[in-house]
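Read the numbers this way: they start at 1 and go in the same order the structure lists the ligands and their atoms.
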Amino acid sequence: MDKSKQNHSQVDVSSKQTKYIFVTGGVLSSLGKGIAAASIATLLKNVGLKVSILKADPYINVDPGTMSPLEHGEVFVTDDGAETDLDLGHYERFLDESLSQKNNFTTGRVYSSVIEKERRGDYLGKTIQVIPHIVGEIVERIKKAGEGKDILIVEIGGTVGDIEGLPFLEAIRALRSEVGRKNGMFIHLTLVPYIKVAGELKTKPTQHSVGELRRIGISPDMIICRSEIPLNRELKDKIASSCGVERNSVIESPDLGSIYQVPLSFLKQDILTPIAEVLDLGELKPDMEKWDNLVKRVIAPSDSVTIAFVGKYIDLKESYKSLTESIIHAGANLDARVNIKWCDSEKIDENNVEETLKDVDAVLVAGGFGSRGVLGKMQAIKYARENKIPYLGICLGMQLSMIEFARNVLNLEDADSVEFKEDCKNPIIYLIDSFIDASGKKQLRTHKSPLGGTMRLGSYKCDVLPNSLLSRVYNGVKNIKERHRHRYEANPAFREAFEKNGLIVSGESDGLIEAVELKDHPFFLGVQFHPEFTSRLTNPNPAILGFIKAGIENKNVR
Ligand code: GLN
């Protein structure tokens, strides 16, 4: 074998064409295409290659920002303030890299820019069509996301056969033709269902799905089979021959205890060998030792802790994806299983709060919008404050900790957020960009509508008060950067009263209150930002880590 191909560090693809791995899905959605794509990206990154990842979503919304959590799970926010698909969160958590606007786009986004160009006259009077204009725009966006990378993984949202997915599939077909076989690879993820009555795994849906792809002109180079149970050799060979892929290119992806096991499971099946063969990458040996050690602690940690997760979407756990994953990261890094006691904030009241929270080691109140469930959240906060139970309030969780304090410690009558009561007497949480117009009516300048495009989004710097809990949690650094997604702000008019009574401001960003904490409490922290968005398995977020650690300490003294 060529010596230069034996060591990955000698594979120099950086000055060459970006290589693309296109991941499509078949049979049905929710099979974990994003996890599969992120897992392959992680392995390639740990080989030493420069890897990035892109999610192209065929739906028409310009971005998922205004989609209900019922529809779409969590809205993930990038450093540059893009509201993206939750798969981008998985990519960041696996890859330990911050992605941006250009790593996620939708049909809506593609059409808006094509129409904008058409209005500007950029197409010189030509008729604008799906082919070449829409497809061309998709190709350009893919290329842009891959600039400067060795490898770009491109995940196409939805399932083969969806009408709106066609331009995307045409785009990747055309791009692979353009860059050539060694620079483009197709991976198709399908379902191999287990039919209980027959006691058998069935390959027919996979064959149909591959047939559908072929009709569009795409022949997969690899098939990843999602299934409830492992596939035997015979079945893999059957899929290989019926779908026209190499035998070593049928990879199984059975249900596992943790999503973080997926890269290890793929590696065990030697997934990198066929990838390297197709893309001409030489021998690829990833260093997964750190990952492997953390996964062991996810599966079988030595300690455990129980936290109450107080929220209103507890039947919709997908809408708290980043937060629940960040808790797993913290647990893995502390070698503890974090048991979550899901508490529906709408069901908590003065009479049952003690019963609900007496057996937990720490209390978490997550972000949210609207007034539903806020009273229950404030009951939980009061309980944690008075009983010295570690508390972390995120976004709305910080705002409510201030309102609770204003009502019950400062005894301020009608203390509220203008989000819930516009004309409250004491607006603890308010809108900063409001003004009174010429007619004397209150107008909102940047927060015009309750929907899309009006929020404070993305990463902002926050100055940390020295010697505070926030400072201890973030290891003494003077300033931090975290991501935001909110419309309302803490009102500085009440700051003095708060601080005099023990709730101090420990984080500020250009005059805005970013973090508050209680002086006489082992761990009571409210943050306006969302620490969960920057947490990764190999690099957990300090605020979440500090909170879980405080929970463990509380458990040990109780
Ligand atoms: N609804 C609050 C706001 O818009 C909090 C938002 C959140 O928790 N993400 O400011």
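Inspection of the His484 and Glu514 side chains reveals an N or O donor paired with an N or O acceptor under 3.5 Å.
Applying the 4.0 Å criterion to heavy atoms of His530 picks out, from ligand 1, the atoms 9 (N). The ligand atoms of ligand 1 that sit less than 4.0 angstrom from a heavy atom of Arg485 are 6 (C), 7 (C), 9 (N). Near Glu419, meaning under 4.0 Å from any of its heavy atoms, are these atoms of ligand 1: 1 (N), 2 (C), 3 (C).
Ring-plane geometry between Phe94 and Trp291 is classed as tilted, the angle between the planes lying from 30 to 60 degrees on a 0 to 90 degree scale. Between Phe76 and Phe533, the angle of the ring planes goes over 60°, which puts this pair in the perpendicular group of the 30/60° scheme.
At under 3.5 Å, a nitrogen or oxygen of Gly368, whether backbone or side chain, sits near a nitrogen or oxygen of ligand 1. Distances between N or O atoms of Leu396 and those of ligand 1 include at least one value under 3.5 Å.
Cation-pi geometry between Arg456 and Tyr460 is satisfied (NZ or CZ under 6.0 Å from the ring centre, within 45° of the ring normal).
The ring of Tyr391 has its center no closer than 6.0 angstrom to the ring center of Phe523.
Within the 4.5 Å cutoff, the side chain of Arg109 has heavy atoms near those of the Arg141 side chain. Ser112 has its side chain within reach of Val62: a pair of non-hydrogen atoms, C-beta onward, lies under 4.5 Å apart.
Distance from atom 10 (O) of ligand 1 to its nearest protein heavy atom, with residue and atom name: Tyr488 N, 2.9 Å. In terms of protein heavy-atom proximity, atom 4 (O) of ligand 1 is nearest to Arg487 N, 2.9 Å.
Taking 4.0 Å as the cut-off, Glu489 does not count as a neighbour of ligand 1 on heavy-atom distance.
Compare Ser417, Gly397, Cys395, Gly367 by their heavy atoms: the one nearest to atom 7 (C) of ligand 1 is in Cys395.
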